[in-house]
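One structure is given here, and the rest of the page talks about it.
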Amino acid sequence: QVQLVESGGDLMQAGGSLRLSCAASGRILSSNAMAWYRQAPGKQRELVATITSGSNTNYADPVKGRFTISRDAAKNTMYLQMNSLKSEDTAVYYCNAGLYSGKYYPLNFWGQGTQVTVSS
């Protein structure tokens with residue numbers, strides 16, 4: 001019954017901006033911490049940003065100052081605003097529902113992913 005659907009990925013030039021969306025079913029956004037992950041070819045899936053049910057946020061060092069995670073519970077949607085894009089940001093981006101207690105603990109609720117490609 002839990003569904004997460006990512007959208008908004010695109011082909012971009014370095015320095016550009018892009019906003020990703022994650023549509024969530026039910027009461028996921030109000031009841032859970034949420035996160036964005038990304039995975040580049042041949043690489044491990046890495047945590048990008050987290051947001052708690054109280055809207056506290058944390059970011060991985062490579063995206064700090066450039067990306068912003070947010071949620072709109074009324075629209076059942078989480079967002080990732082990506083600015084000053086770099087080629088290193090090229091990856092499939094996934095949203096996840098989990099919990100936060102000192103660190104983020106992902107649960108096994110994933111979307112299908114959306115491709116972001118940044119050309120230098």
Side-chain angles (χ1 to χ4, degrees):
Q1 68 178 350
V2 175
Q3 294 187 37
L4 301 169
V5 181
E6 302 93 339
S7 63
D10 205 353
L11 172 64
M12 303 293 295
Q13 289 200 316
S17 296
L18 194 63
R19 176 175 287 198
L20 306 183
S21 298
C22 174
S25 62
R27 290 173 283 184
I28 295 174
L29 289 181
S30 61
S31 300
N32 294 276
M34 301 286 292
W36 285 97
Y37 285 76
R38 67 186 181 186
Q39 187 168 25
K43 308 279 282 188
Q44 296 270 24
R45 188 171 298 185
E46 65 174 336
L47 182 62
V48 175
T50 65
I51 184 166
T52 70
S53 60
S55 296
N56 292 321
T57 59
N58 287 280
Y59 300 91
D61 286 342
V63 308
K64 199 168 297 180
R66 299 189 296 119
F67 290 11
T68 303
I69 187 172
S70 63
R71 70 171 81 207
D72 186 338
K75 296 182 177 180
N76 288 327
T77 303
M78 180 178 66
Y79 303 96
L80 184 68
Q81 177 66 46
M82 305 184 294
N83 297 326
S84 302
L85 283 165
K86 304 175 179 180
S87 60
E88 304 98 286
D89 298 320
T90 295
V92 177
Y93 284 71
Y94 300 89
C95 62
N96 175 261
L99 60 91
Y100 193 93
S101 182
K103 71 171 189 175
Y104 186 76
Y105 294 85
L107 300 175
N108 195 27
F109 303 128
W110 300 91
Q112 84 289 347
T114 187
Q115 176 72 50
V116 174
T117 302
V118 183
S119 174
S120 60

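- Of the possible polar contacts, one joining the T90 side chain to the V118 backbone as a donor-acceptor pair under 3.5 Å is found.
- S7 is linked by a side-chain contact (heavy atoms from CB on, under 4.5 Å) to S21, counting only residues two or more places apart in sequence or in another chain.
- Applying the side chain to side chain donor-acceptor pair (under 3.5 Å) criterion to K103, with sequence neighbours excluded, gives no partner residue.
- The hydrophobic cluster containing Y100, built from Ile/Leu/Val/Met/Phe/Trp/Tyr side-chain heavy atoms closer than 4.5 Å, also comprises Y37, L47, V92, Y94, Y104, W110.
- Under the side chain to side chain donor-acceptor pair (under 3.5 Å) criterion, T68 pairs with no residue, sequence neighbours left out.
- Pairing each heavy atom of S17 with each of S84, the nearest pair is OG-N, 4.3 Å.
- Neither L11 nor M82 shares a network with the other; the hydrophobic side chains, linked directly or stepwise wherever heavy atoms of I, L, V, M, F, W or Y lie under 4.5 Å apart, form separate groups for each.
- C22 is not listed as a side-chain neighbour of Y93, based on a closest heavy-atom distance of 4.5 Å or more.
- A chain of hydrophobic side-chain contacts below 4.5 Å, direct or via other Ile, Leu, Val, Met, Phe, Trp or Tyr residues, connects M78 to F67.
- Looking at N58, its side chain never comes within 3.5 Å of a backbone N or O of I51 through a donor-acceptor pair.
- Contact record, T114 with G9: OG1-N, 3.0 Å, taken as the closest heavy-atom pair.
- One finds the CG atom of D10 at 8.5 Å from the OG1 atom of T117 (value rounded to the nearest 0.5 Å).
- Tested against Y59, the residues T50, I69, V48 include a single side-chain contact (heavy atoms from CB on, under 4.5 Å) partner, I69.
- At least one side-chain heavy atom of L18 sits under 4.5 Å from a side-chain heavy atom of L20.
- For the salt bridge (charged side-chain N to carboxylate O under 4.0 Å, His left out) condition, the pairs that include at least one residue of residues 62-74, sequence neighbours left out, are D61-K64, R66-D89.
- Here the side chains of L85 and Q13 are not in contact, with every heavy-atom distance at 4.5 Å or above.
- Distance check: M34 CE to F109 CZ gives 10.5 Å after rounding to the nearest 0.5 Å.
- The minimum heavy-atom distance between I28 and A97, with the atom names listed, is CG2-CB, 3.7 Å.
- Here the side chain of Q112 pairs a donor or acceptor atom with the backbone of E6 at under 3.5 angstrom.
- For E46, the salt bridge (Lys or Arg N to Asp or Glu O under 4.0 Å) criterion is met by R38, not counting sequence neighbours.
- Looking only at distances, no side-chain donor or acceptor of Q39 sits under 3.5 Å from a matching main-chain atom of A91.
- Note that the CG atom of L99 and the OG atom of S53 stand 10.0 Å from one another [nearest 0.5 Å].
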